[in-house]
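Inspection log for the structure reproduced underneath, given as structure tokens.
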Amino acid sequence: MASAAEQMAANMSWGAFGKASELRQRILFTIGLLIIYRIGTYIPVPGIDAGALRDFMEQAQSGIAGVLGMFTGGALSRMGVFALGIMPYISASIIVQLLSSMWEPLKQLKKEGDAGRKKINQYTRYGTVLLATGQAFALANSLQAGELVHTPGLFFLASCVITLVGGTMFLMWLGEQITARGIGNGISLIIFVGIVAEIPAALAQFLASGRSGAVSPGVIIGVLVMIALVIAFVVFMERALRKVHIMYPRRNVGMKVYESNSSHLPIKVNPAGVIPAIFASALLLLPTAISTFSSGQTGPIMSTVLAYFGPGQPLYLLFFTAMIVFFTFFYTKEVAFKPDEVADNLKNQGGSIPGIQPGKKTAAALDYIVTRILVMGAAYLAAVCLLPEILRSQLAIPFYFGGTSVLIVVSVTMDTIQQVQSHMLAHQYEGLIEKSQLRGKKRKKKGPARR
């Protein structure tokens with residue numbers, strides 16, 4: 001039998017959506033900020049030679065520039081004000097989270113609740129400014145070395161760095177505003193919109209390659225079928241759960257007596273979501289983004305790094321896999337699902353796993369269960385992210401597409417839809433409560449019945 005929440009979800013309609021004014025305002029607010037982001041990707045950095053940049057990007061589209069373009073929504077190929085994208089913020093988040101699990105002062109900040117979280121977020125913003133400044137300065141130097149600017153010099157360096165750093169900080173602010181006042185996770189939605197905006201052009205280019213004979217029709221059909229299968233697989237794995245049986249004994253709370261009952265603790269096969277793939281991609285892009293525009297004028301060390309860590313190369317795939325596995329375990333146990341905290345919450349609520357004592361033994365059991373689940377979750381993430389990379393390099397597809405982009409699009413879509421449903425359910429519950437209160441008031445107005 002369906003639960004009350006499932007029945008309410010089944011009764012959702014466009015009429016109910018129209019009545020949810022707060023949800024509608026949140027959605028419109030999110031769409032408005034995302035439109036501002038898309039407009040910013042078309043505003044160029046001052047001093048860029050548009051023709052030379054266009055010729056260069058046409059040659060590099062299937063390589064690392066395609067990876068960078070995926071995360072910047074095409075802003076990098078047009079050298080827009082958002083050319084650095086949100087990657088400096090993601091890189092700073094990685095560094096701060098790693099430090100918060102190893103450095104004692106940050107560990108103490110994490111235990112201070114909201115106040116500590118605000119300080120950690122502030123440190124992340126400072127790190128974003130530093131990383132964005134360094135990347136912007138190196139990128140501006142690379143643009144000059146590649147002869148992709150009109151008037152190279154100190155003025156161009158200063159204007160380019162200020163513009164790119166300001167664009168990244170503005171994107172970070174947009175993401176925070178979407179998360180706080182809109183629908184969904186703002187940072188993930190910004191990456192999502194950038195990927196979706198590039199899909200029509202990539203698809204048109206892919207089909208044009210098939211018409212010209214550069215790609216066989218069999219390859220085109222195979223790629224489309226593979227994408228459909230990967231999407232279905234991602235949806236299945238993102239909804240997969242491991243249910244841990246929980247028992248609650250009979251207990252007295254105030255004047256009420258609660259009978260013993262049982263429930264379950266749902267643990268997702270992939271509790272970290274799309275975060276490990278984004279983090280791993282950010283680290284892979286860090287050494288290569290700087291030298292993208294240097295037109296072969298990099299030093300011997302950077303040339304070696306680019307040769308071995310280019311998309312599709314064995315070391316690239318090996319490093320990508322290792323980073324996905326590491327961040328899957330790290331992010332899950334440090335952020336998404338902490339066995340110690342879950343065990344403490346169960347103990348405070350009087351719940352326990354059958355046959356296991358509350359406290360440390362429950363935490364150890366949950367840690368064991370989560371570790372086994374994460375083996376499957378990390379393997380799933382690595383397979384989804386690496387399979388398209390391998391096929392793209394083997395089939396010589398003339399544009400970049402990766403499993404990371406498919407994973408981001410599907411995961412963010414599911415998460416956003418789930419948040420919309422949660423707001424709809426909350427609105428329906430509020431409507432039911434208001435109706436019950438109104439009925440109660442009407443009944444109170446009636447006088448006592450005559451005998």
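When a residue number appears, it is its place in the shown sequence, counting from 1. From a predicted model like this one, the values you see are computed outputs, not experimental measurements.
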Is the shortest heavy-atom distance from the side chain of [X] to the side chain of [Y] under 4.5 Å?
X	Y	answer
Val269	Arg242	no
Trp103	Val96	no
Met79	Pro44	no
Ser352	Gln357	no
Phe320	Cys385	yes
Leu407	Tyr380	yes
His264	Ile246	no
Asn185	Val412	no

As an exercise, state the distance from [atom1] of [X] to [atom2] of [Y], rounded to the nearest 0.5 Å.
X	Y	atom1	atom2	value
Tyr126	Leu131	OH	CG	15.0 Å
Phe279	Phe326	CZ	CZ	10.5 Å
Leu171	Ile190	CG	CD1	5.0 Å
Leu366	Leu265	CG	CG	6.5 Å
Asn270	Met376	CG	CE	12.0 Å
Leu109	Leu99	CG	CG	12.0 Å

State whether the side chain of [X] and the backbone N or O of [Y] hold a donor-acceptor pair below 3.5 Å, judged by distance alone.
X	Y	answer
Ser411	Ile408	no
Asp367	Ala363	no
Ser188	Gly184	no

Only one of Ile86, Ile94, Ile90, Ile187 clears side chain to side chain contact (heavy atoms under 4.5 Å, CB included) with Ile278; which?
Ile90
Check ion pair Glu22-Arg26 (N to O, under 4.0 angstrom):
yes
How are the rings of Phe330 and Phe327 set to each other: parallel, tilted or perpendicular (split at 30° and 60°)?
perpendicular
Atom of [X], atom of [Y] and distance for their closest heavy-atom approach:
X	Y	answer
Ala272	Thr332	CB-OG1, 3.6 Å
Arg38	Gly194	NH1-CA, 4.3 Å
Val81	Gly40	CG2-O, 3.2 Å
Gln97	Tyr331	OE1-CD1, 3.6 Å
Ile183	Thr30	N-OG1, 2.9 Å
Ala132	Leu84	O-CD1, 3.6 Å

Tell me whether the count of non-hydrogen atoms from other residues, nucleotides or ligands lying under 6.0 Å of [atom1] in [X] goes above 12.
X	atom1	answer
Gln418	CD	no
Lys118	NZ	no
Lys347	NZ	no

Side chains of Thr371 and Lys333: any donor to acceptor distance under 3.5 Å?
yes
Centroid-centroid under 6.0 Å between Phe170 and Tyr37 rings
no
Between Ile195 and Ile191, is the side-chain contact (heavy atoms from CB on, under 4.5 Å) condition met? List the steps.
CA-CA 6 Å; Ile195 294 172; Ile191 300 175; 4.0 Å; yes
Report the C-alpha separation of Leu346 and Tyr248 in whole Å, then their side-chain angles, then the decisive distance to 0.1 Å, and conclude whether the side-chain contact (heavy atoms from CB on, under 4.5 Å) test is met.
CA-CA 9 Å; Leu346 287 176; Tyr248 291 95; 4.0 Å; yes
Report the C-alpha distance between Met172 and Thr128 in whole Å, list the side-chain angles of each, state the deciding distance to 0.1 Å, and finish with yes or no for side-chain contact (heavy atoms from CB on, under 4.5 Å).
CA-CA 9 Å; Met172 183 186 69; Thr128 302; 4.1 Å; yes
Once salt bridge (Lys or Arg N to Asp or Glu O under 4.0 Å) is applied, what residue pairs with a partner in residues 169-184 remain, sequence neighbours excluded?
Arg125-Glu176
Tell me which pairs pass salt bridge (Lys or Arg N to Asp or Glu O under 4.0 Å) where either residue lies in residues 262-283, with sequence neighbours left out.
Glu238-Lys268
Ile178 vs Leu34, side-chain contact (heavy atoms from CB on, under 4.5 Å): CA-CA, chis, key distance, verdict
CA-CA 9 Å; Ile178 291 174; Leu34 292 177; 3.8 Å; yes
